[in-house]
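Structure record follows, encoded as structure tokens.
Just so you know, these numbers come straight off a predicted model, no measurement behind them.
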Amino acid sequence: SRPACRPKNPAARPKTHAMASEPTARAATSYPKDKIKILLLENVHQVAVDELRKEGFTVKTAESLPWEELVEEMKTTHAVGIRSKTPMQEELLQHANKLLCIGCFCIGTDRVDLPYAASRGIPTFNAPFSNTRSVAELVIGEIIALNRHLMDRSTECHRGAWYKMAKGCHEVRGKLLGIVGYGHVGSQLSILAENMGMKVKFFDTAPKLNLGNAEFAETLDELLAEADIISLHVPRTAETRGMFGAEQFKKMKKGSLFINAARGEVIVPADLAAALKEGHIRGAAVDVFPVEPKGNGEDVFDTELRNCPNCILSPHIGGSTMEAQRAIGLEVANAFKAYINTGGTTGSVNFPNLELPMKKDAHRILNIHKNEPGVLSKVNNVLGEVGANITGQLLGTDDKVGYVIIDLNAEVSDEVLKRLREMPFNIKTRVLW
């Protein structure tokens with residue numbers, strides 16, 4: 001089979017900046033849309049389900065699936081969408097012989113074995129911008145709440161107590177916010193904090209353009225010693241795992257606040273709990289944990305941080321707003337549509353990013369191959385041998401994988417498809433239209 005789609009209605013085709021001219025007619029070479037199966041897990045927003053069904057795809061949804069059932073589903077799935085729990089590792093992906101692409105309906109892609117997916121010709125997409133505002137707003141709220149001991153005062157009132165006091169409570173104006181990781185969320189937080197009168201300093205291992213009046217810290221230790229509040233916004237990698245433990249908390253300014261809305265594995269919760277109980281850290285807000293429950297419910301969660309003073313714990317809700325989830329749903333659904341319908345990979349995190357304007361009355365060949373010397377020459381030899389009339393061609397490579405999009409005359413597309421699939425460098429080849 002050749003999973004791709006010939007839109008019944010060209011107007012329904014996803015609009016991207018690459019579509020310079022719409023074809024008026026296509027030969028019926030593509031895999032029928034209603035036979036393309038998309039599996040969406042972890043309560044992906046309904047807007048994504050609606051968009052993909054409107055496109056004509058068959059969409060199945062589930063909060064989660066037992067391992068054995070998930071393996072069986074992946075054998076017949078062409079695109080799969082997850083959020084932050086379902087692992088897409090080699091153990092699972094080796095069963096997914098029909099899989100075209102993976103969508104992470106969130107910022108993080110650490111649940112996906114990106115190199116292995118690329119080696120199987122499976123681009124992975126995420127939504128790096130859609131929930132940044134929601135996370136940044138949550139952190140701003142936590143900064144204010146921690147500075148006013150708001151959660152402790154609220155708990156006291158709920159149990160019938162009354163402790164009105166100003167001791168230990170502060171305005172956020174004029175305080176120095178230290179941001180560790182100045183990416184999409186960190187930079188958005190920087191802007192909001194400055195608008196509230198805070199000073200901002202950040203540390204990042206990669207060069208970043210500072211926004212507003214934010215200053216760059218030369219070292220993490222420098223930032224820890226100066227900041228009134230430390231907020232983490234780093235990805236989960238081998239380098240960041242456990243990056244905040246007893247040593248880092250001791251280096252923080254005494255009486256400072258700590259916030260983690262990044263990944264649970266980047267801190268050692270027991271060490272943070274100790275710093276809170278000792279009073280060296282005046283308060284903390286933690287939204288992510290090394291081990292999180294698989295579903296909602298009572299008596300399913302535990303952490304060393306429970307019952308620590310002035311400590312806000314939340315169940316990984318940084319991006320959990322209706323606005324963010326809707327935007328994420330649209331962003332990743334559109335990436336699915338663009339890749340399945342046109343081969344466009346803009347936004348993929350493990351694949352060359354390509355967009356080629358569509359050509360009238362042409363067939364499109366998508367060839368994913370091992371990045372070896374001379375591959376393009378061999379591809380072009382095939383095209384020359386069959387007498388192909390090339391109307392468009394675009395190649396992109398990374399260290400391991402190459403991806404070429406070719407628009408050519410319809411008469412030779414079947415022969416080109418056959419020959420490219422027989423090449424030793426071929427990973428995956430399909431034809432559109």
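Rounded to the nearest 0.5 angstrom, L420 CG and K428 NZ are separated by 15.0 Å. Atom NE2 in H316 sits 5.5 Å away from atom CD in E292 (nearest 0.5 Å). To the nearest 0.5 angstrom, K75 atom NZ is 11.5 Å from L70 atom CG. For the atom pair CD (E73) and CG (L39), the distance works out to 5.5 Å, reported to the nearest 0.5 Å. Taken to the nearest 0.5 Å, the CD atom of E55 stands 9.5 Å off from the CD1 atom of I36. Between I191 atom CD1 and N213 atom CG the span is 11.5 Å, to the nearest 0.5 Å.
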Margin query: Pair R120, N97 - check side chain to side chain donor-acceptor pair (under 3.5 Å), show working.
Written below: CA-CA 9 Å; R120 294 286 301 272; N97 292 327; 3.0 Å; yes
Checklist line | Stepwise ring-ring contact (aromatic ring centres under 6.0 Å, His included) check, F57 with F336 | finding: CA-CA 11 Å; F57 304 133; F336 276 177; 8.6 Å; no
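You'll find the side chain of M74 reaches within 4.5 Å of the side chain of M88, heavy atoms only. Contact check for I230 versus K253: no side-chain heavy atoms found under the 4.5 Å cut-off. Annotation: side chain of D287 is in contact with side chain of I317 (closest heavy-atom distance under 4.5 Å). Side-chain atoms of T61 and V44, non-hydrogen and from C-beta on, never get closer than 4.5 Å to each other. Looking at E239 and T205, their side chains never come closer than 4.5 Å, going by heavy atoms from C-beta outward. Looking at heavy atoms from C-beta onward, N210 lies out of side-chain contact with E215 at the 4.5 angstrom threshold. A 4.5 Å side-chain heavy-atom check between M165 and R153 finds at least one atom pair inside the cut-off. For the pair H149 and R282, the minimum side-chain heavy-atom distance is below 4.5 Å.
The backbone N or O of V349 sits nowhere less than 3.5 Å from a side-chain atom of T124 that would complete a donor-acceptor pair. Remark: the backbone N or O of M151 is not paired with any side-chain donor or acceptor of S154 at under 3.5 angstrom. Judged by distance alone, with hydrogens and angles left aside, the side-chain atoms of N126 form a donor-acceptor pair with the main-chain N or O of I107 at under 3.5 Å. A donor-acceptor distance shorter than 3.5 angstrom exists from the side chain of E42 to the backbone of K85, with no hydrogens or angles considered. Between the side chain of Y182 and the backbone N or O of S190, no donor-acceptor pair lies under 3.5 Å. Under the 3.5 Å distance criterion, the side-chain polar atoms of E63 are left unmatched by any main-chain donor or acceptor of L41. A donor-acceptor distance shorter than 3.5 angstrom exists from the side chain of R53 to the backbone of V59, with no hydrogens or angles considered. Side-chain atoms of Q325 come within 3.5 Å of backbone atoms of G319 as a donor-acceptor pair (strictly under, hydrogens ignored). Not one N or O on the side chain of N131 forms a donor-acceptor pair closer than 3.5 Å with the backbone of G318. Here the side chain of E90 pairs no donor or acceptor atom with the backbone of D113 at under 3.5 angstrom.
Under the side-chain contact (heavy atoms from CB on, under 4.5 Å) test applied with R364, the options I405, T391, I406 reduce to a single match, I405. Of the candidates V180, I179, N260, T132, I179 is the only one forming a side-chain contact (heavy atoms from CB on, under 4.5 Å) with H233. Under the side-chain contact (heavy atoms from CB on, under 4.5 Å) rule, K370 has a single partner from I427, N426, V401, V375, which is I427.
Contact record, I328 with S130: CG1-CB, 3.4 Å, taken as the closest heavy-atom pair. Listed here is the closest heavy atom pair of N350 and A117: ND2-CB, 3.8 Å.
In this pair, F258 and F244 present their aromatic rings tilted. The plane angle is within the 30 to 60° band.
A salt bridge links K54 to E51: one of the charged nitrogens lies within less than 4.0 Å of a carboxylate oxygen.
Taking the ring axis of Y339 as reference, the NZ or CZ atom of R430 stays within 45° of it and closer than 6.0 Å to the ring centre.
Annotation for W67: atom CH2 counts as buried by contact number, over 12 foreign heavy atoms lying within 6.0 Å.
Aromatic ring centres of H78 and Y31 lie closer together than 6.0 Å.
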